Amino acid sequence: MGLLEKADHDYEMYRDDGHMWGVPHTKSIGLPKYKQNLSVRKEYHGSYGWRIIVTSYDTEVAWGWEDVGTLVAPKWHSRTTSKHINYVAEQLGMEVRRMY
């Protein structure tokens with residue numbers, strides 16, 4: 001096993017066992033609406049803090065840092081997906097920044 005493969009293996013092991021040492025690396029955020037096609041999760045990135053990732057219809061459509069308060073939508077999405085992004089931003093008290 002090479003160094004990169006070992007690093008990937010170790011990262012996966014520690015990420016999966018994160019709850020054992022008190023800092024889970026991934027948390028799901030439950031929202032009251034759009035439960036079937038929308039999911040939001042937080043990923044811990046060490047000193048950078050928590051990254052928010054918005055997934056609509058099994059596609060990651062926006063992301064942002066919790067401390068910054070901005071969700072970035074890197075490209076145009078359908079009306080429904082845009083509604084999902086705006087809904088998440090409203091619920092989390094964040095601003096949406098469109099990069100297109």
Side-chain angles (χ1 to χ4, degrees):
M1 180 182 300
L3 289 176
L4 293 177
E5 289 84 10
K6 182 174 179 354
D8 287 342
H9 176 267
D10 290 348
Y11 172 77
E12 294 296 327
M13 182 182 67
Y14 288 122
R15 185 188 66 168
D16 294 340
D17 294 337
H19 66 279
M20 297 171 91
W21 24 274
V23 183
H25 283 285
T26 304
K27 294 180 181 178
S28 179
I29 299 174
L31 297 173
K33 291 171 58 176
Y34 309 118
K35 293 181 181 184
Q36 185 174 6
N37 299 316
L38 173 66
S39 66
V40 182
R41 70 182 190 274
K42 292 170 54 170
E43 291 183 350
Y44 184 67
H45 286 271
S47 62
Y48 294 109
W50 291 93
R51 183 175 181 213
I52 308 291
I53 300 169
V54 180
T55 305
S56 178
Y57 294 100
D58 298 324
T59 303
E60 291 183 2
V61 294
W63 60 272
W65 295 102
E66 184 177 48
D67 296 343
V68 175
T70 302
L71 280 178
V72 176
K75 64 179 190 173
W76 182 87
H77 297 284
S78 70
R79 175 185 278 177
T80 305
T81 299
S82 295
K83 184 192 294 186
H84 287 169
I85 295 169
N86 291 332
Y87 173 71
V88 170
E90 177 186 324
Q91 291 294 310
L92 299 179
M94 299 178 87
E95 174 187 328
V96 177
R97 177 164 296 158
R98 291 167 179 80
M99 302 302 288
Y100 51 92

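Quick note: numbers below take in every heavy atom, side chains included, and nothing from hydrogens, waters or symmetry partners. Predicted, not measured: the structure shown is a model, and the values here were computed from it.
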Q | Cluster link Trp63 to Leu38, ILVMFWY, side chain under 4.5 Å | A | no
Next item on the list: Check the hydrophobic clustering (I, L, V, M, F, W, Y; side-chain heavy atoms under 4.5 Å; chains of links allowed) and say if Trp65 and Trp50 are grouped together.
Entry: no
Rounded to the nearest 0.5 angstrom, the CD1-OG distance for Ile53 and Ser39 is 9.5 Å
> With the 4.5 Å side-chain cut-off for hydrophobic clustering, are Tyr57 and Val88 part of the same group?
Replying inline: no
task = Answer yes or no: is there a side-chain heavy-atom contact under 4.5 Å between Arg41 and Glu60?
result = yes
ask   = Would a 4.5 Å heavy-atom cut-off, applied to side chains only, mark Ile52 and Ile29 as touching?
value = yes
What side-chain donor-acceptor pairs closer than 3.5 Å can you find for residues 89-100, not counting sequence neighbours?
unit_1, atom_1, unit_2, atom_2, d
Arg98, NE, Tyr100, OH, 3.2
Arg98, NH2, Asn86, OD1, 3.1

Next on the checklist: Would you say that more than 12 heavy atoms from the other residues, nucleotides or ligands in this model lie under 6.0 Å from the NZ of Lys42, or not?
Outcome noted: yes
Anything under 3.5 Å between a donor and an acceptor, one on a side chain of residues 67-77, the other on a protein residue two or more places apart or in another chain? List them.
unit_1, atom_1, unit_2, atom_2, d
His77, NE2, Lys75, O, 3.3

Cluster check Tyr87, Ile85: I/L/V/M/F/W/Y, side chain < 4.5 angstrom
yes
